[in-house]
Amino acid sequence: MAGKFFFIDTTRCTACRGCQIACKQYKKHSVSKTKQYGTYQNPIDLDANTFRLVRFSEHPSKVNSMVWYFFSEACRHCLKPGCQKKVEQIKKDAIIINDFGAVLYTDKMQGLEKSSKAIKQACPWSIPNWSKKEKQMVKCNMCYDRVEAGLLPACAKACPTGAINFGDEAEMKKLANECLAAAKKKFGGKGEILDSEDVRVLYLIIDEQAKYRPVA
Ligand code: SF4
Ligand code: SF4
């Protein structure tokens with residue numbers, strides 16, 4: 001099977017959180033306890049029950065009084081995953097990369113609670129979390145079971161605006177380049193694709209600030 005990629009066009013995201021809820025529904029994850037801390041983002045971060053999270057961030061703007069960015073975050077399925085490099089030092093073959101590029105945590109990951117902080121820190125985006133229930137680190141698995149069955153990942157299937165796209169590498173890279181060109185035209189030359197040489201989740205953003213996490 002050809003390598004699979006996500007392309008996420010943040011300029012199309014309306015923060016409906018359909019992706020976040022579809023992920024929870026497919027994974028049978030419960031809600032996470034949260035609190036109001038000054039934004040509409042909910043919950044505060046990715047956790048053992050939240051593999052996809054729409055991050056909200058507000059910034060002052062010269063054009064309007066403020067801009068509001070939405071960033072649907074999950075594991076980037078890195079080509080050379082930092083989490084895998086770290087875990088290899090502790091336990092061999094506990095993290096595998098499947099034939100279409102999904103980075104998968106196997107049940108050999110069980111019992112590594114003492115190393116959970118180091119594994120989280122080894123990820124450039126602090127994605128994985130310790131699950132008390134599963135007794136291992138957990139994160140998005142690219143819905144590999146759905147993809148093997150010829151279906152879209154649940155989050156991509158649920159997205160109503162075309163912000164989350166999923167498919168073969170060439171198709172996603174072509175779409176990313178087309179959307180980047182359109183964004184540059186629309187937003188006065190602004191726009192970039194993040195980390196395109198390192199990950200299987202390509203994000204189009206139009207402002208450096210869009211990739212920052214809100215201060216919680
Ligand atoms: S984004 Fe983080 S958790 Fe996902 S593969 Fe890369 S290093 Fe591992
Ligand atoms: S690919 Fe599947 S597991 Fe990953 S964020 Fe989307 S719905 Fe959740």
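Ligands are counted one by one from 1 in listed order, and the atoms in each one are counted from 1 as well.
Under the side-chain contact (heavy atoms from CB on, under 4.5 Å) test applied with Ile97, the options Arg200, His77, Gln84 reduce to a single match, Gln84.
The shortest contact between atom 8 (Fe) of ligand 1 and any protein heavy atom is with Cys83 SG, 2.3 Å. Looking at atom 2 (Fe) of ligand 1, its nearest protein heavy atom turns out to be Cys123 SG, 2.3 Å. For atom 6 (Fe) of ligand 1, the nearest non-hydrogen atom of the protein is Cys78 SG, 2.3 Å. Among all protein heavy atoms, the one lying closest to atom 4 (Fe) of ligand 1 is Cys75 SG, 2.4 Å. Closest to atom 5 (S) of ligand 2, if we only count protein heavy atoms, is Arg52 NE, 3.3 Å. Nearest protein heavy-atom contact of atom 1 (S) of ligand 1 is Arg76 N, 3.3 Å.
Donor-acceptor pairing under 3.5 Å is recorded for the side chains of Lys120 and Asn129. In this model, no donor atom of one side chain and acceptor atom of the other lie less than 3.5 Å apart for Thr161 and Thr14. When only modelled atom types and interatomic distance are considered, Tyr105 and Asn141 share no side-chain donor-acceptor pair under 3.5 Å. The closest side-chain donor-acceptor pair between Ser32 and Asp47 falls under 3.5 angstrom.
Proximity to Pro153 (heavy-atom distance under 4.0 Å) selects the following atoms of ligand 2: 1 (S). Shown in contact with Tyr105 at under 4.0 Å from a heavy atom are these atoms of ligand 1, numbered in order with element: 3 (S). Of all atoms in ligand 2, listed by their number and element, those nearer than 4.0 Å to a heavy atom of Lys27 are 3 (S). Contact atoms of ligand 1 toward Pro124: 7 (S) (distance under 4.0 Å to a heavy atom of the residue).
Under 4.0 angstrom from ligand 2, the non-hydrogen atoms of Phe6 all belong to its side chain. Neither the backbone nor the side chain of Arg146 has any atom closer than 4.0 Å to an atom of ligand 2 (non-hydrogen atoms only). Under 4.0 angstrom from ligand 1, there are no non-hydrogen atoms of Ala122.
With contacts defined as side-chain heavy-atom distances shorter than 4.5 Å, the pair Pro153/Val147 qualifies.
Salt-bridge annotation for Arg76 and Asp195: absent, with no side-chain N of the basic residue lying under 4.0 Å from a carboxylate O of the acidic one. Ion pair Lys4/Asp168 flagged as a salt bridge, since at least one NZ, NE, NH1 or NH2 atom sits closer than 4.0 Å to an Asp/Glu carboxylate oxygen.
Among the backbone and side-chain atoms of Cys140, an N, O or S atom lies under 2.8 Å from atom 4 (Fe) of ligand 2. In summary, an N, O or S atom of Cys23 is located under 2.8 Å from atom 8 (Fe) of ligand 2. Distance check for Cys155 against atom 2 (Fe) of ligand 2: none of its N/O/S atoms falls below 2.8 Å.
Using a 4.0 Å cutoff on heavy atoms, Lys139 does not count as a contact of ligand 2. Within the structure, ligand 2 lacks Phe166 among the residues with a heavy atom less than 4.0 angstrom away.
Geometrically, Arg55 does not engage Tyr203 in a cation-pi contact defined by less than 6.0 Å to the ring centre and at most 45° from the axis. Taking the centre and axis of the six-membered ring of Tyr26, the NZ or CZ atom of Arg146 falls inside the cone set by 45° and 6.0 Å.
A donor-acceptor pair under 3.5 Å links the side-chain atoms of Gln36 to the main chain of Gly38, judged by distance alone.
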